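What follows is one structure encoded as structure tokens, with my remarks underneath.
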Amino acid sequence: MAIGTSSVQAAFDVAKIRADFPILAERVHGQPLVYLDSANTSQKPESVLKAMDDYYRHANANIHRATHLLSERATALYEGSRAKAAAFLNAPDKRTIVFTKGTTDGINLVAQSYGRSTLKPGDEILLTWLEHHSNIVPWQLVAEQTGAVIKVVPINDAGELDQGEFAALLSPRTKIVAMGHVSNALGTINPVADMIARAHAVGAVVLVDGAQAAPHLVIDVQALDCDFYVLSSHKMFGPTGTGVLYGRASLLEAMPPYQGGGDMIASVTFERTLYNQVPYKFEAGTPNMAGVVGLGAAIDYLAGIDREAALAHEDAVLEYATAQVRQIPGARIVGEARHKTGVLSFVLDGVHPHDAGTILDQQGVAVRTGQHCAQPVMDRFGIAATIRASLGIYNTREDIDALVRGLHKVRELFV
Amino acid sequence: MSELSELYQEVILDHNRRPHNFRAIEGATKQEGYNPLCGDRLTLYVAMEGGVIKDVAFQGSGCAISKASASLMTDALKGKTADEARALFDQFHAMITSDHDGPTADLGKLSVLAGVREFPTRIKCASLAWHTMKAAVASETDAPVSTE
């Protein structure tokens with residue numbers, strides 16, 4: 001482990017990465033900030049902040065609408081981000097990239113457009129027990145509207161999907177499978193490529209929620225062969241309020257619009273409106289242009305680092321954190337999947353996570369405590385909440401040491 | 001760390017470890033309280049007799065702040081009328097949300113929770129039991145309907 005870590009450090013300079021993120025120099029409650037809440041939202045590098053600032057200073061105008069120079073600049077930047085997003089996901093064509101408000105918006109778009117127009121009473125939507133509420137509730141809404149039925153793949157005690165049950169639940173009635181790539185509550189990496197192949201074998205269409213995967217894993221939608229892949233900019237070092245939906249071109253073309261408005265039309269008369277081509281058909285109204293430009297800068301940032309080395313660094317920090325937290329008396333880790341990334345969820349005997357969160361915060365350590373928008377996961381483990389330390393590329397062993405010192409302080413007060 | 005020791009006073013930690021009136025009351029008005037932010041759940045039992053709270057108790061899981069607040073609240077409510085309970089709700093709410101140290105009503109033992117006002121993210125924890133009580137007492141006086 002020590003030898004592995006030193007070779008990783010040679011390939012990946014975390015101090016250099018940290019210097020790219022201005023907020024990491026912040027002090028909270030008089031202490032240096034230890035940010036362990038990146039699964040909630042990630043911090044942003046200087047290059048993203050600058051890209052958005054530059055956009056407003058030098059390029060701001062409405063896209064696709066005007067003949068003047070600023071509109072040309074804004075359009076070029078916006079469409080440039082689309083090409084970057086296509087490359088980031090290895091999508092076959094930039095037409096398959098739809099900009100959204102974020103993962104939640106992307107899932108709602110697919111549920112309301114694809115789901116609502118294709119689902120029939122008795123059709124099945126297959127979800128998993130690991131899902132974030134945003135990959136549950138949109139499907140419940142469309143199930144109510146169409147008479148479709150929701151089925152759920154259970155998980156084992158380690159927090160891994162039960163593949164036998166998944167196979168048993170798949171049938172010709174299964175029309176949509178919607179699953180997370182990485183669990184936000186537990187960090188489990190699901191074997192999505194294999195699951196997609198099995199879902200396709202029964203004719204189902206598959207949506208992958210990549211919100212938690214995008215900041216950690218290299219994503220290739222063609223290798224995965226998924227039908228839809230959704231992510232949020234703000235989890236992957238970009239700004240809030242924007243995200244990406246990748247959709248298979250043939251599906252996007254056949255789908256009805258999600259929202260009506262400007263830019264999504266080819267021609268409008270009161271008798272008949274013709275819709276624009278994909279992806280514009282799904283981008284009604286003036287979009288979050290500065291946000292999309294910021295997302296493009298975040299993708300550039302990730303493209304400029306050695307992603308494999310970054311992941312090896314994060315894995316080493318997660319492994320270290322797991323070992324350190326395990327040594328704390330009364331600590332119990334929730335979610336011990338063989339393949340995990342970025343997340344350490346745990347409980348402390350005799351201490352409610354909320355109290356731990358406040359005491360950690362006073363020492364500068366930012367974690368999330370609660371149910372993590374994943375109430376079914378909490379119910380499955382018979383707990384109301386966990387303490388979740390989640391990692392970004394900028395976290396270090398020193399951050400984990402600060403967490404552990406903080407947890408000892410929590411125990412002093414409570415146990 | 002002084003704000004922290006102000007929040008987690010020994011009295012609060014004691015009520016967290018050994019909450020008072022932590023039980024169910026057979027036949028009493030029963031009201032559920034839920035904080036979706038943290039997943040905490042609380043069931044409050046209020047037994048009225050002759051317009052007065054004769055007995056009040058709670059069950060559920062929660063953080064130290066929410067448990068101590070519920071425990072102290074149940075101690076404070078016994079013998080109060082619905083109107084007095086509502087007035088106490090208002091005074092308590094003012095104490096934990098006011099952003100200045102100006103004079104607030106002397107709430108006796110309840111004033112150990114005043115430190116919560118320095119922790120905006122924890123005000124919901126301290127007020128969960130109180131909002132639940134307000135709903136329970138309202139249903140008791142407005143109409144004789146169980147909220148179960």
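Order of the sequence lines sets the chain letters (A, B, ...), proteins ahead of strands, with each chain counted from 1. Since this is a predicted model, take the numbers as computed values, not measurements.
- Proximity to chain A at a heavy-atom threshold of 4.5 Å picks out B/Leu13, B/Asn16, B/Arg17 from residues 9-20 of chain B, in numerical order.
- Among the residues in residues 370-380 of chain A, those with a non-hydrogen atom closer than 4.5 angstrom to a non-hydrogen atom of chain B are A/Gly370, A/Gln371, A/Gln375.
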- [ ] Output, in order, the C-alpha distance, side-chain angles, deciding distance and verdict of side-chain contact (heavy atoms from CB on, under 4.5 Å) for B/Cys125 and A/His354.
- [x] CA-CA 9 Å; B/Cys125 310; A/His354 249 58; 3.7 Å; yes

Determine, step by step, whether A/Phe414 and A/His352 satisfy the ring-ring contact (aromatic ring centres under 6.0 Å, His included) criterion, reporting the C-alpha distance in whole Å, the side-chain angles of both residues, the deciding distance to 0.1 Å, and the verdict.
CA-CA 10 Å; A/Phe414 274 89; A/His352 190 281; 9.8 Å; no

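- No donor-acceptor distance shorter than 3.5 angstrom exists from the side chain of B/Thr43 to the backbone of B/Glu32, with no hydrogens or angles considered.
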Evaluate side-chain contact (heavy atoms from CB on, under 4.5 Å) for A/Val347 paired with A/Ile387, printing each intermediate quantity in order. CA-CA 6 Å; A/Val347 290; A/Ile387 304 165; over 6 Å; no

>> One pair to check against salt bridge (Lys or Arg N to Asp or Glu O under 4.0 Å): A/Lys151 and A/Glu165. What are the steps and the verdict?
In response: CA-CA 11 Å; A/Lys151 301 276 175 177; A/Glu165 283 294 320; over 6 Å; no

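- Put simply, the residue from A/His132, A/Glu131, A/His133 that forms a side-chain hydrogen bond (donor to acceptor under 3.5 Å, both in side chains) with A/Asn135 is A/Glu131.
- Every residue two or more places apart in sequence or in another chain was checked for a salt bridge (charged side-chain N to carboxylate O under 4.0 Å, His left out) with B/Lys80, and none qualifies.
- Of the N and O atoms on the side chains of A/Asn156 and A/Glu160, at least one donor lies less than 3.5 Å from an acceptor on the other residue.
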How far apart are the C-alpha atoms of B/Tyr45 and B/Phe58, what are their side-chain angles, what is the distance that settles it, and do they pass the ring-ring contact (aromatic ring centres under 6.0 Å, His included) test? CA-CA 6 Å; B/Tyr45 303 88; B/Phe58 77 105; 9.4 Å; no

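- Ring geometry for B/Phe89 versus B/Trp130: interplanar angle of 30 to 60°, hence tilted.
- In this structure, the separation between CG on B/Asp55 and CD1 on B/Ile25 is 3.5 Å, given to the nearest 0.5 Å.
- With hydrogens and angles ignored, the 3.5 Å screen pairs a side-chain donor or acceptor of A/Ser183 with a backbone N or O of A/Leu186.
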- Residue pair A/Phe381, A/Ile155: steps toward the side-chain contact (heavy atoms from CB on, under 4.5 Å) verdict: CA-CA 10 Å; A/Phe381 287 96; A/Ile155 54 177; 4.0 Å; yes

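- Along residues 64-78 of chain B, the residues that come nearer than 4.5 angstrom to chain A, judged on non-hydrogen atoms, are B/Ala64, B/Ile65 in order of number.
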